[in-house]
Structures are given as structure tokens and as C-alpha cells.
Amino acid sequence: MNDIKVLNKSADNIRILAASMVEKAKSGHPGGAMGGADFINVLFSEFLVYNPENPRWENRDRFFLDPGHMSPMLYSTLTLAGKYTLDDLKQFRQWGSITPGHPELDLDHGVENTSGPLGQGHTFAVGAAIAAKFLKSRFGEQMDHTIYSFISDGGIQEEISQGAGRIAGNLGLDNLIMFYDSNGIQLSTKTSEVTSEDVVAKYNAWGWNVISINGNDAAEIRSALTLAKQEKSKPTLIVGHTIMGKGAVKEDNSSFEGQTATHGMPLGESGACFDKSIANLGGDCKDPFQIFPEAKELYAKRAKELKEIVAKHNEQKAKWAKENPQLADKMKRWFAGEVPQIDWAGIEQKNNIASRAASAAVLSVLAQNVENMIVSSADLSNSDKTDGFLKYTTSFKKNDFSGAFLQAGVSELTMACISIGISLHGGLIAACATFFVFSDYMKPAIRMAAIMQQPVKFIWTHDAFRVGEDGPTHEPVEQEAQIRLMEKLKNHHNQNSMLVLRPADAVETTVAWKLAMENTSTPTGLIFSRQNIKDLPAKASRYDEALQAAKGAYVVTDHDNYDVILLASGSEVATLVEGSKLLEADGIKSRIVSVPSEGLFRNQNKEYQDSVIPSGKKIFGLTAGLPVNLLGLVGDNGKVWGLETFGFSAPYTVLDEKLGFTADNVYKQVKEYLKK
């Protein structure tokens with residue numbers, strides 16, 4: 001057991017480094033980092049189990065930081081652990097630095113998640129805890145580890161904490177331990193000015209084990225973590241009452257602790273004196289970027305302990321692998337991210353069905369062939385048709401993670417973040433589903449998945465106004481345009497930040513799922529219809545022809561010397577097929593193009609793009625969303641028939657007639673267009 005004086009000295013070292021990083025950068029958040037230093041120091045020096053030589057060790061404990069603005073605390077601690085250098089800390093918030101203002105996923109340096117918008121980080125932790133439970137149910141003690149998280153007053157207030165707390169408590173995630181840094185200070189006010197809720201009572205009501213302590217007392221922190229590790233039926237919340245800006249003083253050496261100003265600005269700009277504060281904490285204000293001998297010794301001791309812990313585990317794992325070679329091989333393949341071989345061509349699809357029903361058929365196959373896939377639904381499994389997956393497995397329950405389905409309840413943002421957390425944990429494939437209109441709730445998480453390049457599969461059904469009688473609140477119009485923007489936005493590896501696919505019929509849905517499962521570097525959005533869609537015509541094998549969807553757009557039907565190109569995605573392609581028959585009867589020949597993903601299409605070489613949509617041709621586009629969905633494809637001289645208002649409440653067949661999504665209107669609009 002480490003001496004409390006040594007722990008306190010090490011925590012002060014973290015405070016000094018954190019404050020110095022912000023001061024040098026002339027921007028940042030020192031106060032919270034200074035207050036939370038005691039907890040993270042005890043956690044990393046005595047409890048967190050990881051492999052110093054292999055940051056991707058499968059059985060490591062994971063630490064998820066929610067308040068990303070407290071990055072100086074994390075970077076400083078990881079520096080003591082040997083993950084960063086003091087020079088790295090000096091480059092905090094600078095161009096090209098590996099210590100950005102908010103932590104970005106970087107396993108090599110010990111950062112398990114990108115933490116930006118408050119509330120998401122601890123919800124990732126819930127997902128990781130679910131993943132760990134799932135894996136332990138398959139691999140036993142070889143997957144026995146703890147998920148730690150750190151949350152602030154802001155994260156507690158964000159609405160997503162409601163869903164995360166409810167689900168974690170309901171599932172009894174006893175492998176989840178969260179520290180709540182309760183310092184009573186926010187960026188612009190004292191916490192008491194915006195909330196008077198009883199956080200302890202709230203988490204108790206959700207079924208959590210709650211421990212309240214002095215969050216700046218190393219002995220109390222150690223005791224709380226010890227008790228939390230012993231809990232076998234509930235997640236634990238450790239409410240640590242801490243001091244914002246602990247150790248900060250003014251020019252006259254009087255205390256400047258507990259001040260709102262230290263939350264979001266350097267100490268020297270907040271009213272505190274930086275030099276005096278560093279000296280008060282035992283540092284050298286002329287050269288504050290130093291590691292104390294006590295801290296160096298503390299973390300060197302922990303590194304030695306960790307090597308022994310890892311060596312013992314590896315010895316046990318080698319014995320287990322020898323006795324269970326198939327399980328050992330399976331674990332290796334899962335964590336290598338291998339996608340199982342699926343007989344995609346052999347998936348049977350019924351004729352003329354909704355693409356959500358076609359998706360269900362694919363999910364049924366995946367449930368039986370992809371053992372490391374977890375699917376979730378926001379209380380819609382029988383409507384978004386993820387019940388195709390559920391039919392071959394069971395839902396998670398407290399003390400039972402033998403299944404592979406999460407009934408998330410009505411909490412789209414929480415569900416999305418949990419799915420990201422499952423993906424971040426490693427070894428698993430995550431998918432989640434809801435109605436497309438509710439993707440609005442999920443946008444912050446989708447963006448984070450794109451930034452972190454997590455290959456979560458987002459399943460969205462009821463893709464257009466054809467939700468019908470439910471009316472405008474449930475009919476997506478602008479949602480596709482919003483999601484399509486993610487195809488145009490690049491990630492930091494110059495990839496489309498997201499793959500978005502809206503298949504045109506059942507077979508194209510199979511191909512869309514194939515592309516989604518093969519996409520292991522970005523999130524995928526799959527957009528499916530509620531209503532039945534007529535199958536597209538095929539020259540020979542519809543499946544072989546639909547495989548061209550991998551290029552984003554392809555020719556479905558063609559004529560020599562065609563007069564007009566008709567293009568769309570989703571169910572509108574079938575409408576174009578019917579309209580083309582009317583046009584042909586009137587002597588007008590057309591080429592029909594299905595464009596499930598403009599993003600993929602724009603990634604193809606110019607020769608292929610020109611072969612599908614030659615320049616100078618007349619182009620007519622049909623979209624059940626905003627016309628902007630297709631403007632980049634039809635060009636300035638083309639024409640798009642889309643929807644420019646919210647939907648209406650009526651049977652979808654009536655809406656098709658009223659809003660002009662019929663073969664007759666395609667005929668009418670193309671005729672008028674060609675006259676110009």
C-alpha cells in the first residue's frame with residue numbers, strides 16, 4: 001500500500017503539470033483538472049490494470065473520460081505512466097500536437113475515447129461494460145476486467161445521463177465504476193444556480209451502488225474503489241466532493257480555490273497567481289514541467305506490478321488456450337476485426353418487399369453466422385425489423401449476457417453512444433436501429449463515431465413521408481440530406497467520414513448490408529423503407545447486377561441513344577422504372593441509374609463516373625427528401641422532383657398521389673423537362 005504522502009505529492013504533480021499546460025497554451029481548463037487529480041492518481045497508480053508494453057491488450061481495464069475539457073489531468077497522469085513526454089505536454093493545444101484540447105482516441109498513448117460533448121464519454125463506458133459482460137460470458141476469466149469512467153457536473157446534467165444511468169442500473173453492470181467529480185462549479189456559474197437535484201437518490205433509484213467521499217482524500221478514494229471492486233450486482237457511482245482549482249492561490253498567497261473563473265481560463269487570467277500557485281503545490285514556477293521523484297517512483301512501482309499482473313494473466317491464458325484452442329482462436333479473430341465469411345448471394349429474399357423486411361432477412365443470417373455482433377433497438381425491434389436478428393438470440397438481462405441483443409428502450413442518443421462504446425471496447429461488431437426521423441436525436445453520436453472511425457452500423461427504417469398516417473412528426477424529409485453531408489465530410493485519414501446507403505430493392509439491401517459489414521473503418525448508415533418496393537428488373541442475375549452498388553451508382557436499365565437519364569436512390573428507383581415505361585410508350589428512351597451512395601460514387605475514377613452519368617446528358621432525379629439530395633448528380637441543367645415541405649398525415653398511397661411520387665408524374669415532369 002502506497003504512502004498517502006507520496007500519493008498526495010504525485011497528485012500535486014498532476015495539478016502542476018495540468019495548470020502549466022493551460023498557462024503555456026494560453027487556453028484551456030485548469031480548475032477541474034486540479035480538483036480531479038487525486039482520484040485519477042489513485043486509480044492509475046493502484047487500481048487500473050493495463051499492459052505497459054501492449055496498449056491494445058484485450059483484457060485491460062478501460063478508462064473513459066467524459067469531460068474532455070479536463071484533458072490536462074489525463075495527459076499529465078499518462079505522462080507519469082510513461083505514455084507522454086513533458087515536451088508533449090508543452091505542445092498542448094498546438095498544431096500537430098498529440099495532446100489536443102479535448103482527448104482524441106489514441107490507444108498507443110492510453111486514450112480510450114474521444115471526449116468532446118459532455119455526457120457521451122461515460123455512455124461509451126456503459127457500452128464498453130456491456131461488451132465486457134458479453135465477452136466474459138463467452139470466454140470466462142480471460143475477459144474479466146473493469147470499465148472505469150470519470151464524469152463531471154456537466155455530464156451529470158446532460159440528458160443522455162438519464163439513459164446511460166437507467167440502462168447500466170437495469171443490467172446490473174457491476175464491472176462499471178464511475179467517479180463523479182462533484183466540485184459545485186460550472187463554466188459560467190455555481191452548480192447550485194442551475195440544479196438542486198439529489199444525484200445520490202437518482203442513481204440509487206436506477207439501481208446503482210452509490211458511495212460518497214471526499215474526492216481529494218486519497219485514503220477515502222482508495223477505500224471507495226476497493227468497495228466498488230467488491231460489488232457484484234450493481235454499477236458503482238463514487239461521488240467525490242472535490243475542490244475546483246485545488247491549490248490555486250492569489251498574489252498574496254490567499255486561497256483562490258473553488259472559483260468559477262478557474263474552470264475555463266488559465267490561472268494567470270482567472271484572478272489567481274500562476275507562479276504562487278505552482279509554488280504552493282511544491283513546484284518550480286520557473287520550470288514547472290518536471291516530474292517529482294516521488295511520482296516517478298510511484299509509477300515505476302506500478303509499472304513493475306502491472307508487468308507481474310500481465311505475466312500471470314498471460315500464463316493463465318496460455319493454459320486456457322491449450323485447453324480451449326477453438327475459443328482461443330475465436331478470441332484472436334474477433335479482436336483482429338475479422339469479418340466472418342457470409343454467403344451473401346445465397347440469402348433468400350422474397351419478391352417486392354420493403355427494404356426493412358429485406359434487412360430482417362439479412363439480420364437473420366448475420367445472427368446465425370456472426371457470433372460477435374450485438375444489435376440494439378430503441379423500443380422498435382418489431383417495427384425496424386431488427387427482430388430478424390432477435391429471432392435467433394435473446395436480449396441482455398441482469399446476470400445474463402448470453403444473448404446478443406440490447407433492448408435500449410426509448411433513448412436513441414444513449415443507444416447510439418452505447419453502440420459506439422461496444423465498438424471502442426474491441427472484439428465486437430455493433431449495430432443499432434430506430435426510425436429514420438429519430439436520427440435527429442443521434443446526430444451528436446454519429447459525428448463522434450465518424451471522428452473516431454468506429455464502424456457502427458446505424459439502421460434507419462421508415463425512410464420517407466410514406467410513414468403515412470403517423471404524420472409530419474414521423475416522416476423524414478430533411479434527414480437524408482443531413483446524413484448525406486457526412487459522406488461529403490472527410491475524416492483525418494481522407495476517407496468519407498461515413499458510408500450512407502439507401503438501397504432500391506430487396507437484393508440491393510442484401511448488397512448494402514454486405515458493404516456495411518465489410519466497412520471496418522467508418523460508421524455506416526443503412527436507410528430502409530417501411531412500404532413494399534417492386535423489385536428492379538435484371539438482365540440476368542439481379543444479385544450480380546446489384547453488386548455494382550459497391551461503386552455508389554450503377555445503370556439498372558439502359559437503351560441505345562437514350563434521351564434522358566433517370567436517377568434516384570431507395571424506393572424512388574422503382575417508381576422511375578414504372579415511369580420509364582410510360583415514357584417509352586411515348587417514344588422517349590431512358591437510362592435508369594440507382595445511386596445508393598453518392599459518396600461512394602464520387603470516390604470512383606472519372607471514367608466510371610462518366611460512363612454512368614455522362615456530362616451533357618439530360619438528367620432527371622427523383623427523391624422523397626429535399627431536392628438537394630440529388631443536385632450534385634443532376635447538375636445545373638438537370639431537374640429534381642423532391643419534397644420541399646414537411647409531410648402530411650394520410651395513407652402513403654394517397655401521399656404518393658398528392659405529392660407527385662408516381663409513374664404518371666415522372667412521365668409528366670420528364671416530358672416538361674425535355675421540352676426546355
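Below, all heavy atoms of this structure are taken into account, side chains as well, without hydrogens, waters or symmetry copies.
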Practice task
Measure from the side-chain N and O atoms of Tyr652 to the backbone N and O of Glu469, and report whether any donor-acceptor pair falls under 3.5 Å.
Solution key: no
Handout entry: Any side-chain heavy-atom pair of Phe64 and Leu424 under 4.5 Å
Key = yes
Exercise for the section: Check whether the ring centres of Phe139 and Trp334 lie less than 6.0 Å apart, and answer yes or no. Expected result: yes
Handout entry: Between Gln531 and Ser571, a side-chain donor and acceptor under 3.5 Å
Key = yes
Problem - Greater than 12 external heavy atoms within 6.0 Å of Lys443's NZ - result: yes
Exercise for the section: Mark yes or no for whether Asn352, through its side chain, and Asp535, through its backbone, hold a donor-acceptor pair below 3.5 Å. Expected result: yes
Problem - Sidechain N-carboxylate O distance under 4.0 Å for Arg502, Asp463 - result: yes
Practice task
Taking only Lys NZ, Arg NE, NH1 and NH2, and the carboxylate oxygens of Asp or Glu, determine whether Glu672 and Lys675 approach each other closer than 4.0 Å.
Solution key: no
Practice task
Show your working on side chain to side chain donor-acceptor pair (under 3.5 Å) between Glu584 and Ser590 and close with a plain yes or no.
Solution key: CA-CA 8 Å; Glu584 189 172 2; Ser590 61; over 6 Å; no
Problem - Salt-bridge present (Asp329, Arg333; N to O < 4.0 Å) - result: yes
Handout entry: Test side chain to side chain contact (heavy atoms under 4.5 Å, CB included) applied to Leu630 and Leu633, step by step
Key = CA-CA 5 Å; Leu630 300 179; Leu633 292 164; 4.0 Å; yes
Practice task
Identify whether the distance between the nearest side-chain nitrogen and carboxylate oxygen of Asp563 and Lys589 falls below 4.0 Å.
Solution key: no
Practice task
Assess Lys617 against Tyr562: is NZ or CZ under 6.0 Å from the centre of the six-membered ring, and within 45 degrees of the ring's axis?
Solution key: yes
Practice task
Apply ring pair (Phe, Tyr, Trp, His ring centres under 6.0 Å) to Phe601 and list each qualifying residue two or more places apart in sequence or on a separate chain.
Solution key: none
Handout entry: Asn665 side chain to Gly660 backbone, donor-acceptor under 3.5 Å
Key = yes
Exercise for the section: Please lay out, stage by stage, how Thr414 and Ile167 fare under the test side chain to side chain contact (heavy atoms under 4.5 Å, CB included). Expected result: CA-CA 9 Å; Thr414 301; Ile167 291 173; 3.9 Å; yes
Problem - Check: Gly427 main-chain N/O paired with Asn372 side-chain donor or acceptor under 3.5 Å - result: yes
Problem - Note: Glu338-Lys330 ion pair, threshold 4.0 Å (strictly below) - result: no
Exercise for the section: Decide yes or no on side chain to side chain donor-acceptor pair (under 3.5 Å) for Asn519 and Thr524, but give the supporting numbers first. Expected result: CA-CA 7 Å; Asn519 177 24; Thr524 300; 2.9 Å; yes
Exercise for the section: Starting at OG of Ser423, measure out to CG of Leu428 and round the result to the nearest 0.5 Å. Expected result: 8.5 Å
Problem - Exam field: side chain Lys457 to backbone Cys432, donor-acceptor pair closer than 3.5 Å - result: no
Problem - Sidechain-backbone polar pair: Asn532 side chain, Ala354 backbone, donor-acceptor under 3.5 Å - result: yes
Problem - Neighbour count above 12 (heavy atom, 6.0 Å) for Lys398 NZ - result: yes
Exercise for the section: Before giving the answer on side chain to side chain contact (heavy atoms under 4.5 Å, CB included), spell out for Ile592 and Ser580 the whole-Å C-alpha distance, their side-chain angles and the decisive distance to 0.1 Å. Expected result: CA-CA 8 Å; Ile592 296 177; Ser580 71; 3.6 Å; yes
Exercise for the section: Kindly indicate whether the side chain of Val666, heavy atoms from C-beta on, has any atom under 4.5 Å from the side chain of Leu582. Expected result: no
Problem - Any side-chain heavy-atom pair of Arg166 and Ser411 under 4.5 Å - result: yes
Handout entry: Arg447 atom CZ: more than 12 heavy-atom contacts under 6.0 Å
Key = no
Exercise for the section: Indicate yes or no for a side-chain donor-acceptor contact from Thr393 to the backbone of Ala404 under 3.5 Å, with no hydrogens or angles considered. Expected result: yes
Practice task
Determine whether more than 12 heavy atoms belonging to other residues, nucleotides or ligands lie under 6.0 Å from atom NZ of Lys397.
Solution key: yes
Practice task
Show your reasoning for whether side chain to side chain contact (heavy atoms under 4.5 Å, CB included) applies to Thr386 and Leu363.
Solution key: CA-CA 7 Å; Thr386 49; Leu363 283 167; 4.1 Å; yes
Practice task
Answer yes or no: are there more than 12 heavy-atom neighbours, outside Asp558 itself, under 6.0 Å from its atom CG?
Solution key: yes
Practice task
Consider only side-chain N and O atoms of His492 and Glu104, and report whether a donor and an acceptor are under 3.5 Å apart.
Solution key: no
Problem - Near-ring test Phe124/His425, centroid separation under 6.0 angstrom - result: no
Handout entry: Arg138 NZ/CZ over Phe134 ring centroid, <6.0 Å and within 45° of normal
Key = yes
Practice task
Give a yes or no answer on whether the side chain of Asp384 reaches the backbone of Thr461 with a donor-acceptor pair at less than 3.5 Å.
Solution key: no
Handout entry: Donor-acceptor under 3.5 Å (Glu607 side chain, Asn605 main chain)
Key = no
Practice task
Check Gln120 against Cys417 and note the closest heavy-atom contact, atom names and distance.
Solution key: OE1-SG, 3.4 Å
Fill in the blank from the handout: Exactly one of Lys551, Gln604, Arg602 clears side-chain hydrogen bond (donor to acceptor under 3.5 Å, both in side chains) with Gln609, and that residue is Arg602
Problem - The single option from Glu657, Glu475, Glu572 passing salt bridge (charged side-chain N to carboxylate O under 4.0 Å, His left out) against Arg466 - result: Glu572
Problem - Backbone of Ser402 reached by a side-chain donor or acceptor of Asp400 within 3.5 Å - result: yes
Handout entry: Contact check, side chains of Ile483 and Phe458, non-hydrogen atoms, under 4.5 Å
Key = no
Handout entry: Contact check, side chains of Val670 and Lys618, non-hydrogen atoms, under 4.5 Å
Key = no
Problem - Residues, nucleotides or ligands: over 12 heavy atoms within 6.0 Å of Lys658 NZ - result: no
Exercise for the section: Please check if atom CZ in Phe401 has more than 12 non-hydrogen atoms from other residues, nucleotides or ligands closer than 6.0 Å. Expected result: yes
Practice task
With side chain to side chain donor-acceptor pair (under 3.5 Å) as the test, would you mind laying out the steps for Gln669 and Lys639 before giving the verdict?
Solution key: CA-CA 9 Å; Gln669 296 300 323; Lys639 180 177 182 178; 2.6 Å; yes
Handout entry: Side chain proximity check, Met448 to Thr114, heavy atoms < 4.5 angstrom
Key = yes
Handout entry: Distance (rounded to the nearest 0.5 Å) between Asp664 CG and Thr575 OG1
Key = 11.0 Å
Handout entry: Parallel, tilted or perpendicular, as decided by the 30° and 60° cut-offs, for the rings of His474 and Phe435
Key = perpendicular
Exercise for the section: Answer yes if the side chains of Ser359 and Trp513 hold a donor-acceptor pair under 3.5 Å, and no otherwise. Expected result: yes
Problem - Ion pair Glu598/Arg484, N-O distance below 4.0 Å - result: no
Completion exercise
Separation between CD (Glu508) and CD (Gln349), nearest 0.5 Å, reads 12.0 Å
Exercise for the section: For Gln479 and Asp440, run side chain to side chain donor-acceptor pair (under 3.5 Å): C-alpha distance rounded to whole Å, both residues' side-chain angles, the deciding distance at 0.1 Å, then the answer. Expected result: CA-CA 7 Å; Gln479 280 73 17; Asp440 286 346; 2.9 Å; yes
Handout entry: Residues, nucleotides or ligands: over 12 heavy atoms within 6.0 Å of Lys606 NZ
Key = no
Practice task
Report yes if some heavy atom in the side chain of His493 is under 4.5 Å from a heavy atom in the side chain of Gln453; otherwise report no.
Solution key: yes
Problem - Side chain proximity check, Met415 to Ile418, heavy atoms < 4.5 angstrom - result: no
